[in-house]
Amino acid sequence: MSSRLPRIVLTLVGVIALVIGLVFAGQGAGLIAGSFMTGSRQWLTIGFIVAVVGVILLWLGLRRRGSRPRA
């Protein structure tokens with residue numbers, strides 16, 4: 001069980017980072033209104049970077065290990 005915990009944490013953090021990144025990017029692009037971030041290219045860039053980090057963390061959390069036999 002303890003060997004699965006890091007993968008679960010990576011996946012959870014990846015999902016959170018992806019969602020936050022998409023919201024930031026949406027606000028930066030002006031698609032989501034009502035914030036100081038609306039229409040700001042800076043937040044579009046930050047959102048894109050956070051979303052990419054989220055995808056990488058998701059990939060690391062969900063990828064399968066090599067074909068090791070289970071004990």
Side-chain angles (χ1 to χ4, degrees):
M1 174 72 175
S2 64
S3 65
R4 290 180 48 189
L5 185 61
R7 292 180 62 186
I8 292 170
V9 171
L10 276 175
T11 303
L12 182 61
V13 173
V15 168
I16 292 169
L18 178 60
V19 170
I20 289 173
L22 290 175
V23 169
F24 283 7
Q27 288 178 326
L31 301 174
I32 303 172
S35 170
F36 68 92
M37 295 187 282
T38 302
S40 172
R41 180 170 280 196
Q42 175 185 1
W43 287 104
L44 176 63
T45 303
I46 291 170
F48 178 71
I49 292 169
V50 171
V52 168
V53 169
V55 168
I56 292 169
L57 292 175
L58 268 171
W59 178 76
L60 290 173
L62 295 175
R63 71 182 173 137
R64 294 180 184 256
R65 298 284 178 184
S67 57
R68 295 183 301 176
R70 291 188 177 195

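Below, all heavy atoms of this structure are taken into account, side chains as well, without hydrogens, waters or symmetry copies.
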Identify whether [X] and [Y] are in the same connected component of the hydrophobic contact network (ILVMFWY, side-chain heavy atoms under 4.5 Å).
X: Val50; Y: Ile56; answer: no
X: Leu5; Y: Leu60; answer: yes
X: Val13; Y: Val53; answer: yes
X: Val55; Y: Ile49; answer: no

Just do the side-chain contact (heavy atoms from CB on, under 4.5 Å) check on Leu58 and Val15 with the steps written out, would you? CA-CA 7 Å; Leu58 268 171; Val15 168; 3.6 Å; yes

Can you tell me how far apart [atom1] ([X]) and [atom2] ([Y]) are? Round to the nearest 0.5 Å.
X: Arg41; Y: Thr45; atom1: CZ; atom2: OG1; value: 7.0 Å
X: Leu12; Y: Ile16; atom1: CG; atom2: CD1; value: 4.0 Å
X: Ile46; Y: Ile20; atom1: CD1; atom2: CD1; value: 13.0 Å

Of the non-hydrogen atoms in [X] and [Y], which two are nearest, and what is the gap between them?
X: Gly14; Y: Leu57; answer: CA-CB, 3.7 Å
X: Phe48; Y: Ala25; answer: N-CB, 4.2 Å
X: Ser35; Y: Gln27; answer: CB-NE2, 3.5 Å
X: Gly54; Y: Ala17; answer: CA-CB, 3.7 Å
X: Leu22; Y: Ala51; answer: N-CB, 4.3 Å

